[in-house]
Structures are given as C-alpha cells and as structure tokens.
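Contents: one structure, followed by commentary.
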Amino acid sequence: MEKYPYNKQKAKGKKKALKIIGKVLYISLATISIVTVGSVGVGAGVVSALTKDEKIRTKSYFDKELSGWSQTSYAYFRSEDGNQPPKPIGALISPDDRKLVKKLNEVTPYLTDAFLAVEDHEFYQHKGIVPSSLIRATWQQVSGSEVTTGGSTITQQLVKNELFTQEKSLERKALEIINALRIEKYYNKEKIFVAYMNSVYFGKGAHGKHMYGVVAAARGIFNKDVKELSLPQAAYIAGMVQRPNAYNPFRGDDNIRLGTKRMKLVLAKMLENKKISKADYDQAIKFDIKNSLAKPTDFVNPLEKYPYIITATENEAVDILMEQDKAEKNAANIKEYRDRIKKGGYKIYTTIDEQLYNALNDSIKNMNVPGKWKNGKKVKEQIGATLIDNKTGSVLAFVSGTDFKDTQLDHAFEVERQPGSAIKPLLVYGPALNDGIISPDSMIWDEPVPKGDGTMYKNANGKYKNGPVTATYALQWSLNTPAIKLIKKLGVQHAFDYLRKMDMPPHKWDGEASALGGMRKGYTVAQMTAAFAMIANSGVYNKPHLIERIEDSSGNVIYDFNKQFKEKQIFSPQATYQLTQMMREVVRNGTAKVIGGQLGGYNIAGKTGTTSNYVDLWFVGFSPEVSLGVWSGYDQHYKNAHETFTKQAWARLFKAAAQTKPDLIKPGSNFNNPGGLTSGKCFECGRAVPKTDAEPGKDPAQGEGQPQGQQPPAGETPEQPNTGQTPQQPAGDQTPQQPTGGENGHNNTQNGGGETSQ
C-alpha cells in the first residue's frame, strides 16, 4: 500500500491552487498597471514595460485597419492592350456575403441587446476594459469553471479580431488591453460597436460560404435580413461569437444542441439585464431553432465563373503578404492572412489573359476526358496546365482541373507530381551542355549502368543499343542509362544546384535517380513550365507568377512583381539553343511526334515524361513566344491506361491559344541562334567508334524507318526507329511489362529511376 496518499493528493491540490492564484494575480496586477497609466495616457512607457516590441499605433493606423478590412477585395484580368482599364475577374468574397452594417439602427435591437448582455453589458460605461471582468474570466478559465462568461469587452474583441491573431498568451492579452484603451480614445461607442459587428466570424452558412459580420450571419444561418431576426435567432447569433464552429448549426445535431443551450444563456442574460421581459424570455426559450434554419436550396448559389482563378489568386496573394511580413507558415497564420486578403479591400492585378483562359478551359471541357470505374463510381483523370510568357514568367492562362465540381484541387499551381523524364533537360542535358561536358552530337554508350548497391540502372523496356548513341538521340527517345552517366559526370549536387536556381529545390532524399524523374515529391506544373520557359528565353529565368501588382484599399501599391523579382541567367544562350534543337527532335521524330504531326507551321520543342505504370504523364513544350506545360493523371495515383491523353491535350491547348492570340503565338517564328556553338564534344573518348552518317532522328544502326514486321508502340507512328535489338519500341519508352519502381510505382529508384515512357 502506498504511504501517505492523502498528503500527496493534498500537496498536488495545493500546488494547483497556487498556480491559479499566481495567474490571477498576474492578470490583476498587469491590468491595474495598464489602467493606472492609461488614466494619464497610454504611451511608450507601458508598451515598453509589457511588450517591448509593440509599436505605438496612431489614429491614422486604426483608421486604416478598421476601414480597409471592411471592403471586398477584387481580382482583375490583365489589360488587353495596356491602355484599357483591367476587367474585373470577381470578388475574393461574394459581395452578398460581405454587406456591412454602417449604423446601429440597421440592426434589430434584439441583436445589439443580445451582444451587450452576453459579451459586454458595461460597454457604454467603460473606457475599453473592465478589470473586474478580466480577473473573473481568468479565474473561470484557470479553475476549469463549467460556465465561462468571458472577460474581454467588445472593444477588446474588436482589437483581437482585426489587429492580432487568436493566440492565447499573456503578451497578446496585454497588447489587446493597451490597444482597446487607445481605440476608446479615438472613436465613439457606436463606431466601435458597428466595427465589432462587421468583424465577427461565424463559420460557414447553409450556402457553404464563410460568414463575416452579422449581415452575412443573418443571411447564411436564417436567410433573413439582419433587421428581421426574431429574438431567439438574434440570441443564437450573439451566442455563437465565442465558439463559432462549436455552435454552428450546420455541423450536426450536437452543434445545434450546444448552440441552443448557449442561446438560452444569452436570453437569460438579456432578462437579467432587463433587455427583455419574462414573457419574452419564456416564449423565446421554446423556439425551435432547427426548423428555422436556412437551407442550401434557399440560395441561388452557382459557382463563380472563375473559381479556379479566384482560388489561385488568393493563394498567391497570401504567400506574397506572408513573405513580406516574414510570417511563419502555419495553419493559424494562413487563416489570418486569407481573411485579410478577402476582406482587406485589395485590388489584385493578375497576369491572366481572359480570352486565353477561356479558350484553354473551353477546349478541355469539349474534350473526351478518360476515367475509371472504382467502387461503383466513375473517377475522371485530372489535368493541370499552365501557359507562360517566355520573356516575363507571367502566367497567361491555366487549367487547374477537368471540373471544379469534381475536385477543388489546383493541379496547375498546388499539386506536386513526379516529373518523369520531363526533368532530363533541366537536370541533365541542360547542365551538361552549359558546363561543356557534351554537345548535341556527343556519343554516349547506351548500356546497363551499375548502382551503388550492385544492381543496374536499366532502360525502361530493358533493351539497349550496347553501343554509342548521340546525346540528341538519347534525349529524343528518352533513354535512361545515358542520363545516369551524365548526372554522375556532373555530380548530383552540382546538377541539383541548377534546379535550385530555378526555384525547384530537390527533396533531401533525392539522389542520382532524379535524373530519370525518380523524385520524392516532384513539382507543380507551373514550376516545370517556368523552367522550360527559361530554356526558350535564352537561359534567362523568371519566377512564374499570376499576380503582377497589389494595391491596398487606399490605392497604394504594396506589391509589384517587377520590382520584387529580378531575372536570372541560368544556362548560356548557346546551351539553351542547342538544347532547344535537341528537343525539337523529340517533337519532330521522337516520343512526341504525335504532337509535331498536328502543329505544322509552328516551331515546337519539348519533352515528354511518364512515371511507372503511367501514373503521371507530362509534356512540357514551347514555341519562341510561350511555354505550355501539361500533366495528367488521377488524384488517387491509379495506373493511367491513356498514355496519349497528355499529348492530345497539349496539342489541343496549344492550338486554342494560337488561334486566340495569333499576334502572340506566330506560325513560322524561329528560335534565336546566338552563334558561338560548339560540336564534337567527346564524352566517352576511350570507347569511341567511327562516326556514322546518322542524322538526328535516325537510328545510327538502322537509319530512318522501322524494320519490316515491327509494330509501332501505342500512340506512335510507324516511322519510329527501333533499338537495334529484337523488334521493340525505343529503349526509353515504357512497355506494359516494365517493372514498377517502388511503392505504388512512384518511388522511382528501382529499374533506372522510373522513367517508364517518353
């Protein structure tokens, strides 16, 4: 038996009591100190004593913060000709759900009385804080009281909602108190109360949209004007403020039960404060809240015309403001900045061309999108595409998915997928050309290459030339073993340095198999497309972006891409020109010949990429003016049997863009030859064999054409050359028999890194 259990328990209880008393005393002393100095004037002395890093917030600061947030933010298309005013894309939050209270008489007295009763019945008497309420609330909180009434005044809550995060700390509480006292010096009570009612968040309504402010809450919860709320409905809304998600009635019956209990507490407080009669109270507590709730069918709620643009713009704007503030990226901060973007009255000017965006997305809507039946439900393939201006990095148009109703995932800017062999020009051939290791006609032996563990890197179908091929041929047919030899020669980390310059840092576990696309995380379509645009732009890289400029609610420019980011020279003009010519062979006679055959008259260069089991399919290509990257696959990483879908989609999207903007994408335009090109770089000199007369696109052993009786691979043409072995497709292309490369066919470190096709 344990000795002296009573004494231990007693000591533990005593320790807890001392902790509670200590915290209450701290709040009490802090509050008294602030109020004492505040009666003389809240100044730098108090700030320095409690929060040394706090800045002095002036009235002009509060004017901006308490007016700017109350305006709807808008996004705009790029100007058609640079002279006409940009056309609005839409609001970042629906104007119907962001109507604001301007005067208290616009709100039913039931609601104002309910707020006063439950949140701050001394609102019209205090000067920003109520010390006794703070001490009482602190005691309830630390002692675990079942009933908590809150110690923050309406003024304090306004400060917390609009100036700070919802973090619970003594420092934040001190800041809240200080700034509540300041606001009370600058504004009258009605202005503070109105600002508070516009600032409160209520969760999502029946229409599925976030509700900010009491007007949106009345509409989203009860489908009523805020002036028409009944007494119990007003009490329910006022009761939600402290825990909007817990009391949100659209999150289940438990929430309705908790919310109704809270509503009754609000009504009791109203009765106690003589805001309603006993008869009013008795009738209101019997009210059936559930049957009075709004229904989704009450709202005409069609999807906005451009939901993907609004979402992508909002996401990039959040990243921009967080970077400017050097804010840590966590869930709480992201929510805070997202709220700020939506309701900050910003004007966000994008790089999106309305005509191009509509043309690209319409072309996909009219395309037969493959799908699979899984668990009795048809799942569609998804697609991500970005069209980027080579000279600037501006995203002119994009496709985020096949249907916003099916998935809200952004496959253009957010979803990262393994790139397959589409990475080879960026990580292997471009760096090797830039470093002078190879020229397009360098000979590289195509053969199995040993790994560190004693196994071998292989071509996708296990076939090899067992002899030399040109660097152009190796890229044209996406052979694996030459790429591994090149990254070994470059040095893996040195090759990765090139990707880092393109804002595409590798994962810490990525190794030499990355040369074949076997990467742990992969990249977004926007990242890949911008990197290829760098090749088209003579080696000069521009960060991909869809926001050009942001203005605040006063018209001040707070972000300008062109001032924020400078272009970077990554590859030399000579290296990129030679790399471009090599990739033109991919389109003319290589793994993307199906694209070249559909786009006569346009000079196109690019690279295909496919991961194990056709899970991820890529083609990233460019003309002299624009780059277009396309990925397709299933969100669930299913095997993709439609290996030509990406190429078909790319050709379709490029045609749509070229037809829409013929002045931008010009048939017959040429890539600029900078001169000073080198050739005849010896790579494996000791194994050199006499040079053949083979031209780019021809098999050095077989010449042009295909041996009699050979069947072309799926999606290719009979003109495709063979490997020099038994009749098979080129060694870099996948056959269905190819082994997968790791878990779910995605950890492409087996069998040569998982480049399973083009």
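The figures here come from the full heavy-atom set of this structure, side chains too, leaving out hydrogens, waters and symmetry mates. Positions are given from 1, in the same order as the sequence printed here. Since the model is a prediction, treat every value here as computed from it, not as a measurement.
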Query raised in the report: Is it true that atom NZ of Lys347 has more than 12 heavy atoms of other residues, nucleotides or ligands lying nearer than 6.0 Å?
Result: no
Query raised in the report: Do you see a donor-acceptor pair shorter than 3.5 Å between the side chains of Thr529 and Ser627?
Result: no
Query raised in the report: Which atom pair, heavy atoms only, marks the closest approach of Asn315 to Arg338?
Result: OD1-NH1, 3.0 Å
Query raised in the report: For the atom pair CD (Glu381) and CG (Leu617), what is the distance rounded to the nearest 0.5 Å?
Result: 7.0 Å
Query - Test item: Asn333 side-chain N/O and Glu328 main-chain N/O as donor-acceptor pair under 3.5 Å - result: yes
Report summary line: Distance col, row His207:NE2 vs Lys295:NZ, nearest 0.5 angstrom, shows 14.5 Å
Report task. For the residue pair Leu653 and Leu387, establish whether any side-chain heavy-atom pair is separated by less than 4.5 Å. Result -> no
Query raised in the report: Please walk me through it: do Phe77 and Tyr349 pass ring-ring contact (aromatic ring centres under 6.0 Å, His included)?
Result: CA-CA 6 Å; Phe77 288 112; Tyr349 297 95; over 10 Å; no
Requested in this report: Start with the C-alpha distance between Gln233 and Ser292, add both sets of side-chain angles, then the distance that settles side chain to side chain contact (heavy atoms under 4.5 Å, CB included), and finish with yes or no.
Outcome: CA-CA 9 Å; Gln233 289 172 333; Ser292 75; 3.5 Å; yes
**Report entry** Non-hydrogen atoms of Pro249 and Met240 that approach each other most closely
**Finding:** CD-CE, 4.3 Å
Query raised in the report: Cut-off 3.5 Å, side chains only: do Asp616 and Tyr634 have a donor facing an acceptor?
Result: no
Report task. Compare all side-chain heavy atoms of Phe222 with those of Ile237 and state whether any distance is below 4.5 angstrom. Result -> yes
Query raised in the report: Is the closest side-chain donor-acceptor distance between Thr350 and Glu548 under 3.5 Å?
Result: no
Query raised in the report: Tyr201 vs Tyr212 aromatic rings, parallel, tilted or perpendicular, using cut-offs 30° and 60°?
Result: tilted
Report task. Please check if the side chain of Thr313 supplies one atom and the backbone of Ile310 the other of a donor-acceptor pair under 3.5 Å. Result -> no
Query - Interatomic distance, Asn245 atom CG to Asn255 atom CG [nearest 0.5 angstrom] - result: 8.5 Å
Requested in this report: Show the numbers, then the answer: is there a side chain to side chain donor-acceptor pair (under 3.5 Å) between Glu414 and Thr524?
Outcome: CA-CA 6 Å; Glu414 296 293 320; Thr524 67; over 6 Å; no
Report task. First locate atom CD of Gln355, then atom CD of Gln659, and finally report the distance between them rounded to the nearest 0.5 Å. Result -> 13.5 Å
Report task. Take Arg549 and Asn562 through the test side chain to side chain contact (heavy atoms under 4.5 Å, CB included) and record every step on the way to the result. Result -> CA-CA 9 Å; Arg549 189 174 82 257; Asn562 294 316; over 6 Å; no
Query raised in the report: How about Lys568: does its NZ atom have over 12 heavy atoms from other parts shown lying under 6.0 Å from it?
Result: yes
Query raised in the report: In terms of side-chain heavy atoms, does Asn366 have a donor or acceptor partner in Arg652 at a distance below 3.5 Å?
Result: no
**Report entry** Distance-only polar pair, side chains of Tyr346 and Glu551, donor-acceptor under 3.5 Å
**Finding:** no
Requested in this report: Measure up the His545 and Phe561 rings against each other and bin them: parallel (under 30°), tilted (30 to 60°), perpendicular (over 60°).
Outcome: parallel
Query raised in the report: Does the ring center of Phe202 lie less than 6.0 Å from the ring center of Tyr247?
Result: no
**Report entry** No-hydrogen, no-angle side-chain donor-acceptor test under 3.5 Å, Asp325 and Tyr337
**Finding:** yes
Requested in this report: Ignoring hydrogens and angles, state whether a donor on the side chain of His210 or Asp339 is under 3.5 Å from an acceptor on the partner side chain.
Outcome: no
Requested in this report: Measure up the Phe413 and Phe398 rings against each other and bin them: parallel (under 30°), tilted (30 to 60°), perpendicular (over 60°).
Outcome: perpendicular
Query raised in the report: For Lys335, does the NZ atom have more than 12 heavy-atom neighbours from other residues, nucleotides or ligands under 6.0 Å away?
Result: yes
Query - Within-4.5 Å side-chain heavy-atom neighbours: Lys329 and Ile334 - result: yes
Requested in this report: For the pair Glu314 (side chain) and Ile341 (backbone), establish whether a donor and an acceptor sit closer than 3.5 Å, ignoring hydrogens and angles.
Outcome: no
Query raised in the report: Hey, is the main chain of Gln418 close enough, under 3.5 Å, to the side chain of Trp618 for a donor-acceptor pair?
Result: yes
Requested in this report: Please step through side chain to side chain contact (heavy atoms under 4.5 Å, CB included) for the pair Arg340 and Leu321, ending with a clear verdict.
Outcome: CA-CA 10 Å; Arg340 179 175 158 190; Leu321 294 192; 3.9 Å; yes
Report task. Classify the side-chain pair Ser394/Asp389 by whether it contains a donor and acceptor separated by less than 3.5 Å. Result -> no
Requested in this report: Show your working on ring-ring contact (aromatic ring centres under 6.0 Å, His included) between Phe532 and Phe619 and close with a plain yes or no.
Outcome: CA-CA 11 Å; Phe532 274 70; Phe619 182 73; 8.3 Å; no
**Report entry** Lys543 and Gln564, any side-chain heavy atoms less than 4.5 Å apart
**Finding:** no
**Report entry** Smallest separation among heavy atoms of Ile388 and Ala526, with atom names
**Finding:** CD1-O, 3.9 Å
Report task. Would you mind reporting whether Met528 and Pro419 have side-chain heavy atoms less than 4.5 Å apart? Result -> yes
Report task. First locate atom OH of Tyr306, then atom OG1 of Thr311, and finally report the distance between them rounded to the nearest 0.5 Å. Result -> 14.5 Å
Query raised in the report: Is Asn542 reaching over with its side chain to a backbone N or O of Lys391, donor-acceptor style, under 3.5 angstrom?
Result: yes
Query raised in the report: Do Asp225 and Arg219 sit within salt-bridge range, that is, some charged N less than 4.0 Å from a carboxylate O?
Result: no
Query raised in the report: Counting only N and O atoms by type, is there a donor-acceptor contact under 3.5 Å from the side chain of Asn390 to the main-chain atoms of Pro624?
Result: yes
**Report entry** Any donor-acceptor pair under 3.5 Å from Ser73 side chain to Gly345 backbone
**Finding:** yes
Query raised in the report: Taking Asp298 for the side chain and Ala294 for the main chain, is one N or O donor matched with an acceptor at less than 3.5 Å?
Result: no
Query raised in the report: Can you find a pair of side-chain heavy atoms, one from Ile352 and one from Ile309, that are under 4.5 Å apart?
Result: yes
Report task. For residues Gln242 and Glu119, determine if any side-chain heavy atom of one lies less than 4.5 Å from a side-chain heavy atom of the other. Result -> yes
Report task. Please confirm whether the backbone N or O of Val101 pairs with a side-chain atom of Asn198, one donor and one acceptor, at under 3.5 Å? Result -> yes
Query raised in the report: What pair of heavy atoms forms the shortest contact from Ser400 to Asp410, and how long is it?
Result: OG-OD1, 2.8 Å
Report summary line: Ser152 and Glu176 have their tightest heavy-atom pair at OG-OE2, 3.1 Å
Query raised in the report: Given Gln157 and Tyr196, is the side chain to side chain contact (heavy atoms under 4.5 Å, CB included) satisfied, shown in steps?
Result: CA-CA 7 Å; Gln157 291 181 54; Tyr196 167 74; 3.2 Å; yes
Requested in this report: Of all the heavy-atom pairs spanning Pro425 and Ala422, show the shortest one and how long it is.
Outcome: CD-O, 3.3 Å
**Report entry** Residue pair Ile423 / Met519, side-chain heavy-atom distance below 4.5 Å
**Finding:** yes
Query raised in the report: So Trp650 and Phe654, would you call those rings parallel, tilted or perpendicular, with 30° and 60° as cut-offs?
Result: parallel
**Report entry** Donor-acceptor pair, side chain of Ser79 and main chain of Gln84, under 3.5 angstrom
**Finding:** yes
Requested in this report: Salt-bridge test for Glu106 and Lys227: reply yes if a basic N is under 4.0 Å from a carboxylate O, no otherwise.
Outcome: no
Report summary line: Interatomic distance, CG@Leu104 vs CG@Leu111, rounded to 0.5 Å, equals 10.0 Å
